[in-house]
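Keep in mind that this is a model prediction, so the values were computed, not measured.
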Amino acid sequence: MRPTFTREQWPHMSVEPWWATSPRVKQTNPTCSCSLYRNHYSPIPAAPPPPAMERLRLAVSHRAALPLPTPHNHLRHRRHLHLQPSPNSLSLSLPISPQLSPAPRRHLPPLLASASASQVASPSQSPKPAAAPASEAGGAKLIPLLVSLAVGLAVRFLAPRPPEVTPQAWQLLSIFLTTIAGLVLGPLPVGAWAFLGLTATVATRTLPFTAAFGAFTNEVIWLIVISFFFARGFVKTGLGDRVATYFVKWLGGSTLGLSYGLTISEAFIAPAMPSTTARAGGVFLPIVKSLSLSAGSKPNDPSARKLGAYLVQSQLQASGNSSALFLTAAAQNLLCLKLAEEIGVKIASPWIYWLKVASLPAIVSLLATPYLLYKIFPPEIKDTPDAPAIAAQKLKNMGPVTKSEWVMVATMILAVSLWISGDAIGVSSVVAAMIGLSILLLLGVLNWEDCLNEKSAWDTLAWFAILVGMAGQLTNLGIVSWMSNCVAKVLQSFSLSWPAAFGVLQASYFFIHYLFASQTAHVGALYSAFLAMHLAAGVPAVLSALALTYNSNLFGALTHYSSGQSAVYYGAGYVDLPDVFKLGFATAAINAVIWGVVATFWWKFLGLY
């Protein structure tokens, strides 16, 4: 039985007849107000509704109105009554109540939902209209285009070519610098601009077609592409959400404990989910937003500092250490080792050796980051006693572990095991990833449509292969060695020892990232050159390669544009832009101190120098 209400109980209700407010009538005749068919017939005086009809209108008025087509959206001005969601739905907007109350027509997503970050909306905001289609006459941005071209043309025709550099190498360098300038300035999307650079190398006969496209068969690049599909599997099955929710249940009694729970859970799933951006947008940001909203901390609002701002920044700043802890935790790690191998720096048993070298400084920094941010960027809410109960209810609603989640767990255990022991049994990392993806496809955890829809994976394949191919050809043609020798001579002129040169080069590599909007783009553009500079300055080879790689993870939180995860967390609307820059620099300094002190002794103990 639906409840009925009297006019005294709901004095704000419209007194129009129920049939005059019907959405179907409004759609048929938008100008209708209180008389039916007003535009087609003579006006008929509106008689008071009979009591029975009025009771019927009151009985059904709490039901949601039918959706109206877009041209009549201006008529959706009346408030309708909705029943509150049942306790099992865990709505974030209002406390659960058995009573009726006016509510927005659109219900909020469940707490701790594993939706993508872009789908998690604030309950105080109405749904945004669809974006207007882009102009067909968009094309390249003129000023960034001209500046990018000017960089390469100046090198090619104005700068004197050193005698030890061949004309082919000098011309490739000019095209490469134009490509890098375009990545920074953005005249076109990254993939499109990289393709223009590739076209220039072939059209000008700087490189033959096979050499220009040679990097598209690079094993590391395909390993990175497959890692995107693994990340999609974590999100699709809800496994990442379940793991993170368990840590919230165990450690979420206080704000600091809640931050540690999220941080440790990310480190726990990082080696099997090799995309920091996917972890941020697909798993952790929805959880952070749900917990923040349930505590009354709203984005783009003064209440953001209650809880949301701290959790967002803590998770972002700690994610760099999670990515640095494991070789397979981030795409750029794999690329760095591949580029180092091309220069002659090869690491045996890379997965185990990487973990051994990174373990102590990364774990210390990982555990210190939430506490230090708690002191320098404190939340207003210190205790979150309801978070464990909410997480427990969420786990209850999720039900038992599904078959797809078990398959995902087993596949990731197999993949990580092969990554660890692959060298001993003759299975390369990319083959291990291919086996894992094949299992997910065969057992239906992923389908080919999921892989095709992972546009970021195919986009990365395109522009990443182009950059890696250009960087490899620059090494083969002697440009990298020429640049490193020039830098080495400058450093020697200052009589710098190799530890001092190491510090200068590492700091330069780190802070140059203010010019880049992608960690992988930075690595593809500068890693080889900086590694060669380290070697020319006398820095031990393995130390140089690994330190640059760890830095490639740590600078991902410098700004709101410095990485994919930074853009995801900043887009949540909890942290103001000045705070992003201040906290990014402060945390970078903290990481430099922790890694500098801890790693100095740890790496000496391991014999890296």
Side-chain angles (χ1 to χ4, degrees), residues 84-99 101 103 107-115 117 120-124 238 240-269 280 283-299 301-319 366-399 569 572-575:
Q84 283 284 1
S86 66
N88 290 334
S89 67
L90 290 176
S91 172
L92 297 173
S93 56
L94 294 171
I96 296 170
S97 171
Q99 299 178 350
S101 62
H107 292 299
L108 293 166
L111 183 63
L112 304 180
S114 60
V120 180
S122 168
S124 62
D241 186 24
R242 185 184 294 273
V243 171
T245 306
Y246 268 112
F247 279 96
V248 172
K249 175 185 175 182
W250 295 331
L251 301 175
S254 65
T255 299
L256 186 59
L258 188 60
S259 176
Y260 273 111
L262 294 171
T263 298
I264 295 172
S265 63
E266 176 165 8
F268 185 80
I269 67 174
V283 177
F284 291 99
L285 182 61
I287 294 176
V288 167
K289 290 197 70 174
S290 298
L291 291 169
S292 301
L293 292 170
S294 66
S297 181
K298 302 177 182 179
D301 187 83
S303 63
R305 287 296 302 271
K306 285 185 177 180
L307 182 64
Y310 167 72
L311 289 181
V312 164
Q313 270 300 304
S314 176
Q315 198 65 21
L316 170 61
Q317 299 298 339
S319 64
L366 192 70
L367 295 177
T369 298
Y371 178 78
L372 293 174
L373 280 173
Y374 189 81
K375 293 299 183 181
I376 63 178
F377 192 63
E380 296 175 5
I381 295 177
K382 307 297 183 183
D383 297 312
T384 54
D386 296 333
I390 293 174
Q393 182 63 44
K394 172 63 180 178
L395 290 169
K396 182 179 178 181
N397 292 345
M398 293 176 72
Y569 283 121
Y574 277 99
V575 185

Can you list, pair by pair, the side-chain donor-acceptor contacts under 3.5 Å of residues 249-263, counting residues two or more places apart and other chains?
unit_1	atom_1	unit_2	atom_2	d
S254	OG	G257	N	3.0
T255	OG1	I381	O	2.6
T255	OG1	K382	O	3.3
S259	OG	S314	OG	2.5
Y260	OH	L367	O	2.5
T263	OG1	S259	O	2.9

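- Of all heavy-atom pairs spanning A267 and L366, the tightest one is CB-CD2, 3.8 Å.
- At least one side-chain heavy atom of L316 sits less than 4.5 Å from a side-chain heavy atom of Q313.
- Not counting sequence neighbours, the partners of A244 by the side chain to side chain contact (heavy atoms under 4.5 Å, CB included) test are S265, V283, F284, I287.
- When all heavy atoms of S297 and Y574 are compared, the pair lying nearest together is O-OH, 2.9 Å.
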Can I get a per-line list of side-chain donor-acceptor pairs under 3.5 Å for residues 302-311, giving both atom names and the distance, sequence neighbours left out?
unit_1	atom_1	unit_2	atom_2	d
S303	OG	G296	O	3.4
S303	OG	K298	N	3.0
S303	OG	D301	OD2	2.7
R305	NH2	P378	O	3.2
Y310	OH	P370	O	2.8

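- Taken to the nearest 0.5 Å, the NZ atom of K289 stands 12.5 Å off from the OH atom of Y569.
- No more than 12 heavy atoms of other residues, nucleotides or ligands sit less than 6.0 Å from atom CZ of F268.
- A distance of 10.5 Å separates CD in Q317 from CZ in F377, rounded to the nearest 0.5 Å.
- Considering only heavy atoms from C-beta on, D241 comes within 4.5 Å of K394 through its side chain.
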